[in-house]
Amino acid sequence: MLTGSELLNKVKDLGDISKSDLVRACGYVSTKKDGGERLNFTAFYEALLEAKGVSLGVGGVGGVGKGGRKLSYVATVQGNGNLLIGKAYTALLDLKPGDEFEIKLGRKQIRLTPVGATDEDDE
């Protein structure tokens with residue numbers, strides 16, 4: 001299976017051929033149990049993107065959490081009136097169970113400051 005610049009050069013050299021022939025020519029072929037040929041399109045396209053410098057964040061590198069969801073930095077008040085801050089946010093701040101915060105209410109904001117922190121620490 002070709003990768004990197006070899007893959008890019010091969011794709012460029014082959015020019016206008018069918019996708020199946022392109023995948024086959026670059027070596028992204030495996031053998032099925034019945035002896036038939038299986039074209040590995042996904043592996044081919046991933047290698048092609050990687051060769052062009054596009055990283056898909058495979059292996060949990062790049063994304064947040066299992067599905068690669070991004071943090072919205074928005075909290076919604078629940079039906080019972082609680083305001084929930086998710087684990088992803090507490091992990092970013094390296095907070096541990098039992099950490100205490102002072103709640104400071106502003107005009108349109110809620111600030112959580114660690115208990116014992118001075119105003120200078122807030123800025």
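Values in this document were obtained by computation on a predicted structure and should not be read as measured data.
- Side chains of Glu46 and Thr42 form a contact here, defined as non-hydrogen atoms less than 4.5 Å apart.
- Taking 4.0 Å as the cut-off between side-chain N and carboxylate O, Asp13 and Lys10 do not count as a salt-bridged pair.
- In the hydrophobic cluster analysis, where Ile, Leu, Val, Met, Phe, Trp and Tyr join through side-chain heavy atoms closer than 4.5 angstrom, Ile103 is grouped apart from Leu84.
- With Asn82 contributing its side chain and Gln78 its backbone, the two residues share no donor-acceptor pair below 3.5 Å.
- Listed here is the closest heavy atom pair of Lys19 and Tyr45: CD-OH, 3.6 Å.
- Of the possible donor and acceptor atoms, one in the side chain of Asp99 sits under 3.5 Å from a partner among the backbone N and O of Lys96.
- Scanning both residues, Leu22 and Leu14, for their nearest heavy atoms gives CD1-CD1, 3.6 Å.
- In plain terms, the two heavy atoms of Gly4 and Ala51 that are nearest each other are O-CB, 3.5 Å.
- Within a 6.0 Å radius of CG in Asp16, other residues, nucleotides and ligands contribute 12 heavy atoms or fewer.
- Scanning all heavy atoms of the two residues, the minimum distance from Tyr89 to Ser72 falls at OH-N, 3.4 Å.
- Follow the hydrophobic side-chain contacts under 4.5 Å out from Leu83 and you reach Leu93 in the same cluster.
- A pairwise comparison of heavy atoms in Phe41 and Ser20 identifies CZ-OG, 3.8 Å as the closest pair.
- Listed here is the closest heavy atom pair of Glu37 and Val29: CG-CG1, 3.2 Å.
- Hydrophobic cluster membership is shared by Val77 and Tyr73, with clusters built from Ile, Leu, Val, Met, Phe, Trp and Tyr side chains linked at under 4.5 angstrom.
- Between Ile110 and Leu105 the shortest side-chain heavy-atom distance falls below 4.5 Å.
- In this structure, the side chains of Asp21 and Arg24 come closer than 4.5 Å at one or more pairs of heavy atoms.
- The only member of Leu2, Val11, Thr3 that meets side-chain contact (heavy atoms from CB on, under 4.5 Å) when paired with Leu48 is Val11.
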